[in-house]
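Heavy-atom basis, side chains included; hydrogens, waters and symmetry copies ignored. Numbers restart at 1 for each chain; the letters A, B, ... are given by sequence-line order, proteins then strands.
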Amino acid sequence: MALDTVAIASTTPDQVQPFAELGLKGDEYQRIREILGRRPSSSELAMYSVMWSEHCSYKSSKVHLRQFGEKAPKSDALLVGIGENAGVVDVGQGYAVTFKIESHNHPSFIEPYQGAATGIGGIVRDILTMGARPIAVMDPLRFGPADAPDTRRVLPGVIAGIGGYGNCLGLPNIGGEIIFDQTYAGNPLVNALCVGVMRHEQIKLAKASGPGNLVVLFGAKTGGDGIGGVSVLASETFGASGPAKRPSVQVGDPFTEKVLIECSLEIFAEDLVVGIQDLGGAGLSCATSELASGGSGGMEVELEKVPLRDPSLSPEEILMSESQERMCAIVEPSKIARFLEICEKWDVTVTVIGKVTDGDRLIITWHGEVIVDVPPRTVAHEGPVYNRPMAKPGYLDQLNAKVLDIPMPKNNPEIKAAILKLMSSANMADKSWVTAQYDKYVQGNTIQSQPQDSGMVRIDENTHLGVAISTDANASWSYLNPYEGAKLALAEAARNIATAGAKPLAVTNCLNFGSPEDPAVMWQFAETVRGLADGCLEMGLPVTGGNVSFYNQTGDVAILPTPIIGVLGVIQDVRTHMPMSFDVADLELYLLGETRADLAGSQWAYLHNERGGQAPLAHLKNEMSLIDLLLESQSLCNARHDVSQGGLTATLTEMVLENNIGATVTLEGDLATALLSETPGRVVVAVHKEKAQPLIALASKHKIAITRIGDTGGKSLTINDVALELNELRAAFTGTFPKLFG
Amino acid sequence: MAKIVVDVMLKPEILDPQGQAVGAALPRLGFTFAQSVRQGKRFEIEVEGDPTPAQLAEISKAAETLLANPVIETFVVRVEK
Amino acid sequence: MAKIVVDVMLKPEILDPQGQAVGAALPRLGFTFAQSVRQGKRFEIEVEGDPTPAQLAEISKAAETLLANPVIETFVVRVEK
Amino acid sequence: MKVGVVTFPGSLDDQDAARAVRFAGATPVSLWHRDSDLHGVDAVILPGGFSYGDYLRCGAISRFAPVMTSIIEQAKSGLPVLGICNGFQILCESHLLPGALTRNQGLHFLCGPQKIRIENTTSAWTSNFVQNREIVIPLKNGEGSFQCDDSTLAQLESEGRVIARYMGENPNGSRNLIAGITNARGNVVGIMPHPEHAIDSLTGPSTDGLAFFTSVLNSLVGK
Ligand SMILES: Nc1ncnc2c1ncn2[C@@H]1O[C@H](COP(=O)(O)OP(=O)(O)O)[C@@H](O)[C@H]1O
Ligand SMILES: [Mg+2]
């Protein structure tokens, strides 16, 4: 079959089109016909089908995500909000910071190395697109059971991919998470966060304005990557002979991206672009329609000018290709010469493929024939919106009502065994087998990285201004109560910023869920968004952007609802940052916050396959007081560490092992509960003796419970009458990953 | 001792940044003969005596599961003297 | 179009951790026949028409200066149909 | 005193190297890979990173950059040159230093603080160290295993050209635990771990790395 043009489409209204194979519903296809007043050409069909996919259009989540705008707290810090490639916040001194999380879950299951690598590549381009220099990455991850054979395939590949791509870009990896759970087998979560910094006046937006301005494509050549789905169109176009094979896997080239970053930054520095957009999901379809839609609407593109890696690509395929390491800029004609010169300097392929017009249609031609003629807003921003049915899962009440029946350690030998068991379990064990594969020093601005509570980077060497970021999610709690779970994750991330000495400022998120077509999953999602929006309002933190990943499920079984919450904070002087571990003996140890019997959803429950019970409730007022206390007591403390998964056991173990200085601790009440409960809102603090009184006074001012729990020093962690030699504890803690993954 | 060779190459439709880099470097050094360069892996496996067909089949199996990733790569097994 | 192949292998005396890792993994997967495994690189270079002896000499030159590092590697150039 | 820092496409630690030069009290001058003019610098640093993506072999493609032609020429007549990590790989590929750096024995990229011992304090880049001083600086690479034939190894050892050696467990399979070497003249030094990331204890594991950069200033003044 020959080229399908708009002219042909107008005269062949009855031609049958494979919209269902492209994932469009019957009524969605009808809507496209109504918008265009005719059937779409095959190129238009390709564009609408990708842009109206769940991934690009947010059709199931949009009605819920609105709350982030509606409930948004007043914040002077927000410079660019939801809707752009990434949100931007003001961090003072004329600096703006942009950060965002994206998921690359499914591709990482298919081809772990390339899937994860291109996940990093994609989020870095989103940050670059805002006009910012990317300065660090983070990687919250979830896998199936640690000892499952498939995890042994997926995890090392994912780690190598994240390291391989991020290291080659020269971006320090400053944090992340690795959690294992049965529900992630077959659905690993590979979320990637990037943070970037720029001056206020350098912020760039995705808009094509100014008729006569040029549409410029630069970066890698376009190949057939990631267009498996569109091959139905290609096969029609090519007829019986069939197109060359199309890869379903995208392969990344970090070197090309590194050069693209430097080239783009030089272009930005000389103020040579009017608007810019990266090419990610849906490739050119997305970039052209979003740029046009962001401006006044008119754009003409000559598609045959796109430089190809594979000359056999059809126009439909070129529009949908997800080849990596490409950008699309809008450039004034008077600046194009300099633009091309900079690309030449960096050996970056660059082509003018079209121009902005004063019309309101996006028109794409192929060797002179019009193959696309659409109102761009209908492609990019006015896709279908669904209010999907939702229902609280039937099992939940019963699950919440369950009285926990977990074996608790009863005597000293059992306590000791429990500590070793917990700290050597894959979820709690030392992750340096992973993090040693990531460059954390590059750029010379990393103040904190793994295994600290949050990652921290300096953004100005002279004024010492810095930012801290933490990502957190507790899917076990979200499973028991998605509304509270979202708030708790937010609180934890904010707390992790404050323990390090930074003030929480803004929020990003990546919402990983099962199928939105399952009312129970949709309910989990809606409750999560409601919880996060309420929580952000209460804590005064704006949501600046994020990402939704649906369809993470195997058959009927969805993953645990996993809202990864990222909080960004500011620290005026990075030299005052607070590490998680003490490096001297004879400090006093205090616990801030109260411990209750919160074992539901805990790691100890997980180790005993207990999923039931009631998640703790989030007390955000209290969390905010705790944060105030942490920020005000900065100069009094020597070290402090958040209490979260694994309870006090994990906090104390991590503190003593980090610098190899032990501690003697005395805990009141039931020792097993004190050690294993995961009550939120707690922090362990180490202070010099003479600073203890002022700290206690501040705590009482902020109405935060403070308990003296012990002293630092020695070569063991001794809790009441249970003594663990640091070497023994270390062996348990550090042995697990090398044993599992070599 | 016989030598079994397994050649593993990226499928032609898959981006090969390594081959591209080499292809771009050659002309800079004055070598202009190459139309395209692809880079792959070569495994040399030594076995005792002449390899039996069963052994070769086993090696193909190993190539498929370990030496190559069939999602993005193809491979060829052959005996080299 | 002809295909010229350049095989590059580490010299036998140079440590080959990749080959070693494959060699160690094979028996774990139930393949017990391998005496030793070495991993190298394979370049496939496409040239216009049948390669002339002069072209092959040039390719050998390119292999020596760029594709292989003679300090640690050896190489073989051949034409493949 | 001007110290050139070369930027290849894919160089990553060039800013860090320039910062280290400043910390040491000299002026960093950035040199572009395509530019064969060295702009009158008194010494040159080839920084870490993945020049040209480190495809093929680390440093194999960079060696042919125009700037390297000038550096190779002037190094032969005594210009102090320090190659860090990727820079060390480039120096070996350029045959300014013997041997080669190959894939880490554990096959992973490895990043972390590394203890090394400075064993040669006569080179242009190590003269400010005390002999056998043990220092901690970051090691971060995927291909840092130093390999050479037996006779080269014997020569390096007998001539005292091993600049630095890894302490403790061998992190990557390097022969004789070699972390860095120098040429016979002592002006060209390659080191796998990163002294430029250890000049400020706020961002690095120590300040032990600074002496590499002050050393070259001293050796230049002494001329
Ligand atoms: N969970 C979420 N919370 C807040 N904003 C979101 C969320 N999911 C998506 N968004 C916002 O919706 C917009 C579109 O997202 P997306 O299509 O992922 O952007 P891109 O294609 O640039 O990655 C972005 O501004 C993004 O920040
Ligand atoms: Mg984007």
Side-chain angles (χ1 to χ4, degrees), chain C residues 3-31 34-47 51 55-80, chain D residues 51-65 68-69 72 86 88-110 141-156 170-178 181 183 190:
Chain C
K3 189 157 80 184
I4 297 177
V5 172
V6 181
D7 290 322
V8 177
M9 299 299 293
L10 284 169
K11 289 182 179 168
E13 68 271 24
I14 299 287
L15 184 71
D16 173 17
Q18 305 198 75
Q20 271 178 4
V22 172
L26 283 174
R28 284 202 297 271
L29 297 178
F31 306 107
Q35 301 286 312
S36 87
V37 183
R38 308 276 296 169
Q39 180 174 338
K41 294 177 193 145
R42 173 186 166 91
F43 298 90
E44 294 185 358
I45 303 171
E46 279 192 343
V47 298
Q55 250 183 343
L56 283 177
E58 240 202 314
I59 296 195
S60 287
K61 188 88 195 303
E64 205 179 306
T65 40
L66 183 72
L67 303 180
N69 177 353
V71 174
I72 48 168
E73 293 167 328
T74 57
F75 66 90
V76 177
V77 176
R78 61 206 158 79
V79 183
E80 218 170 69
Chain D
S51 55
Y52 294 95
D54 272 356
Y55 296 132
L56 186 58
R57 288 180 315 279
C58 301
I61 298 179
S62 321
R63 159 206 174 183
F64 295 104
M68 282 310 298
T69 311
I72 292 170
N86 194 219
F88 187 8
Q89 294 161 341
I90 296 170
L91 290 175
C92 289
E93 284 282 342
S94 309
H95 309 303
L96 284 174
L97 292 175
L101 292 141
T102 62
R103 191 80 185 264
N104 287 350
Q105 191 157 29
L107 299 179
H108 293 135
F109 186 96
L110 268 189
N141 59 67
E143 308 196 10
S145 175
F146 181 79
Q147 300 296 323
C148 62
D149 58 30
D150 292 344
S151 65
T152 307
L153 189 66
Q155 189 183 10
L156 285 172
N170 194 329
N172 50 24
S174 290
R175 293 201 76 177
N176 286 13
L177 290 157
I178 287 175
I181 56 174
N183 63 351

- Sole residue of D:Leu177, D:Asn172, D:Thr102, D:Ile181 in side-chain contact (heavy atoms from CB on, under 4.5 Å) with D:Phe146: D:Ile181

Using every non-hydrogen atom in the two residues, find where [X] and [Y] come nearest and quote the distance to one decimal.
X: D:Cys58; Y: D:Asn86; answer: CB-ND2, 4.2 Å
X: C:Arg38; Y: C:Lys11; answer: NH2-O, 2.9 Å
X: C:Pro27; Y: C:Ala24; answer: CD-O, 3.5 Å

- Item | CA sep, side-chain torsions, deciding dist, call: C:Glu73, C:Leu10, side-chain contact (heavy atoms from CB on, under 4.5 Å) | CA-CA 4 Å; C:Glu73 293 167 328; C:Leu10 284 169; 4.0 Å; yes

- Message: Strictly less than 4.5 Å between heavy atoms, which residues of residues 88-98 of chain D line up against chain C? Please order them by number.
- Response: D:Glu93, D:His95

Under a 4.5 Å heavy-atom cut-off, does chain C meet the side chain of [X], its backbone, both or neither?
X: D:Asn104; value: backbone
X: D:Leu107; value: side chain
X: D:Arg63; value: side chain

- Heavy-atom pairs under 4.5 Å with chain D, option from C:Asp16, C:Leu15, C:Ile72, C:Ile14 with the top count: C:Leu15

Please confirm whether the backbone N or O of [Y] pairs with a side-chain atom of [X], one donor and one acceptor, at under 3.5 Å?
X: D:Ser62; Y: D:Tyr52; value: no
X: D:Asn176; Y: D:Ile178; value: no
X: D:Arg175; Y: D:Cys148; value: yes

